[in-house]
Amino acid sequence: MAKGLTSRKENYSQWYNDLVIKADLAENSAVRGCMVIKPYGYAIWEKMQAVLDKMFKDTGHSNAYFPLFIPKSFLSREADHVEGFAKECAVVTHYRLKSSPGGGIEVDETAKLEEELIIRPTSETIIWSTYKNWIQSYRDLPLLINQWANVVRWEMRTRLFLRTAEFLWQEGHTAHATKDEAIEETLKILDIYSGFAENWMAMPVIKGIKTENERFAGAVETYSIEALMQDGKALQSGTSHFLGQNFSKAFDVTFLDNKGKLEHVWASSWGVSTRLMGALIMAHSDDRGLVLPPRLAPIQVVIVPIYKKAEELSVISSEVEIIRQDLIASGISVKYDDRDTYKPGWKFAEYELKGVPVRLAVGSRDIDNRTVEVARRDTLEKKSYPMDGIGETVKALLEEIQVNIFRKAQDFRSRNTVAADSYQEFKDIIESGGGFVLAHWDGTRETEERISQETKATIRCIPLDGEKVPGKCIVTGKPSSQRVLFAKAY
RNA sequence: CGGGGUGUGGCGCAGUUGGCAGCGCGCGUCGUUCGGGACGACGAGGUCGGAAGUUCGAGUCUUCUCACCCCGACCA
């Protein structure tokens, strides 16, 4: 176990907190509920951004930027929307400070804003008020916009990455001529999210529809991807909303169709946030530290020289430079850590804590044998390989690791996904370690709330894929068209 | 907003009936070490969260206050 890292078994939640701090991903800031994302953590986020951004661009979306501030009146235009967010909004009321008599500064009460500004908790309202001017004809559609931004939701309890008062995300906001097209967009993005989660984060997810209870405020239908964390709790990792005409009606966004008829446009919005960082951390990491999927690791390979004297180091370093070039030529990001201020053992532990997928150690023995010691983070196996062709060897290994950690996560999820056919069985599963539980539900809010109150488990989603076998609700015995996915959630 | 807890060098903590602010880690210099978190010697670093009070004397007692953490209700 890594120094100072609580084990998962001992206290999972503490393990997560320790890991975020010790792996140098983020820390708490002077502002309650807000985090400082440190360079190493931010580097991972930047990789995520780059991949997602390309996926959005490849599907025809463009980036833009809308204001941080939203006039208070905008928020109340859509009734459900305002109700959903009102309780967690930060409000700007003044625009000036003045020196206070007792020293320091205070709010200048004479500088009160005529209309207060809300710090965006999400941007539907400001964006739709803008779209009104952008859209007149069916020729202006579809409008496919994304923005990378920060948003603020004044959460009561926060945790680094998983729930912070301010977080970074992307929010896509699209406008379409038809309902079908908007739904198609909503689902297309859901596929992008699940593809990203599985192929890049190596984290299996379940795509589904949210129940009315869990639906985004202002949406007609909310879709999400749900991942299972190692403690048996579910983490909603991305959402895509079909907004119907709710916002176009609230902001009066209309267009003339090709028959000259005036219609309200159809909308979608979708987002993933820095919460993905939390998902990534919890999906794969162990008691030694982070385990990062090679495709998102800022450093894929670290090389550690083993030496006693300076002369030895210079021989090793020149050999390492050849190896490094070989790796770079294979498209691998490499760090050579030749710092003399830390010892090899320390470095080994450090890079394990930080989740670097592959570590190479090169010492005099290797120079003599023309070998490299290769250690993989996921299995902790160490093996010697010939120096020649090391680029290809490592490249293949990185791919193997990517696949292996995905499979591992997938196995974990299958082991922890069970069907329950009675309420008692359901309760037993939830109480003994949790996980995903597939059960029949009668589709009513009352039953959902009862289950949630009695067991703390909620309906994560109604899965889109998989069998649609009818049955009877585990609580009321009323008919159900398919099993839905329950879990305790983050 | 309820319940619990913590504020003392950068970090983690100790500090007894009130009596010279300490320990470990980290940090700096030097030397020996270096294939799984090395060791020795010397050294730097603190108005004890803040304010008021009690006292000859407060990290310690009293009152007020601020901040943060954990557990619940709300949430991506």
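Letters go in sequence order (proteins before strands), and every chain restarts at 1. The structure presented is a predicted model; accordingly, all values stated were derived computationally and were not measured.
For A/Met156, taking side-chain heavy atoms from C-beta onward, the closest of the listed nucleotides B/A76, B/C1, B/G36 is B/C1. Of the candidates B/A76, B/G37, B/G36, B/G37 carries the atom nearest the A/Trp346 side chain, counting heavy atoms from C-beta on. Distance from the side chain of A/Arg365 is smallest to B/G35 among B/G35, B/G36, B/A73. Nearest nucleotide to the side chain of A/Ser273, out of B/A76, B/G37, B/G36: B/A76.
The residue among A/Ser364 and A/Thr158 whose nearest nucleotide of RNA chain B lies closer to the 5′ end is A/Ser364.
Of all nucleotides present, only B/C56 satisfies the Watson-Crick or G-U wobble test against B/G19, with each distance under 3.5 Å. Using the Watson-Crick or G-U wobble rule with both distances under 3.5 Å, B/C64 pairs with B/G50. Under the Watson-Crick and G-U wobble criteria, each requiring two contacts below 3.5 Å, nucleotide B/C42 is paired to B/G28. B/G72 and B/C1 make up a base pair, with Watson-Crick or G-U wobble contacts both under 3.5 Å.
Residues A/Thr174 and A/Ser268 have side chains that bring a donor and an acceptor to within less than 3.5 angstrom of each other. No hydrogens or angles considered: nothing links the side chains of A/Arg120 and A/Thr122 as a donor-acceptor pair under 3.5 Å.
Residue A/Asn17 has a polar side-chain atom (N or O) positioned under 4.0 Å from OP1 or OP2 of B/C70. At the phosphate of B/C1, neither OP1 nor OP2 sits under 4.0 Å from any side-chain N or O atom of A/Lys87. Not one side-chain nitrogen or oxygen of A/Asn28 sits closer than 4.0 Å to the OP1 or OP2 atom of B/C68.
Rounded to an integer number of Å, the gap from A/Ile303 CD1 to B/G35 P is 18 Å. Atom CD of A/Glu27 is separated from atom C1' of B/G10 by 12 Å (rounded to the nearest Å). In this entry the distance linking CG of A/Asp337 with P of B/G35 reads 14 Å, nearest Å. Across the protein-nucleic acid pair, A/Tyr12 atom OH and B/C70 atom C1' stand 18 Å apart, rounded to whole Å. A/Glu155 places its CD atom 15 Å from the C1' atom of B/G72, with the value rounded to the nearest Å. A straight line from CD of A/Glu350 to P of B/A38 spans 12 Å, rounded to a whole angstrom. Distance, A/Arg376 CZ to B/G36 P: 21 Å, rounded to whole Å. In this structure, A/Glu214 atom CD and B/C74 atom P are separated by 11 Å, rounded to whole Å.
Residue contacts for A/Arg359: at a heavy-atom cut-off of 4.0 Å it reaches a base atom on one of the strands shown. Contacts of A/Phe216 with the nucleic acid, taken as non-hydrogen atoms under 4.0 Å apart, are absent.
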I'd like a table of atom pairs between the protein and nucleotides 27-34 of chain B - only N or O on both sides, under 3.5 Å - with the distance next to each one.
unit_1 : atom_1 : unit_2   : atom_2 : d
B/C34  : O2'    : A/Tyr307 : O      : 2.9
B/C34  : N4     : A/Lys308 : O      : 2.6

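We find that A/Lys456 and A/Glu431 are not joined by a salt bridge, their nearest charged nitrogen and carboxylate oxygen being 4.0 Å or further apart.
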List the steps and the verdict of side chain to side chain donor-acceptor pair (under 3.5 Å) for A/His173 and A/Ser269.
CA-CA 4 Å; A/His173 297 272; A/Ser269 73; 4.6 Å; no
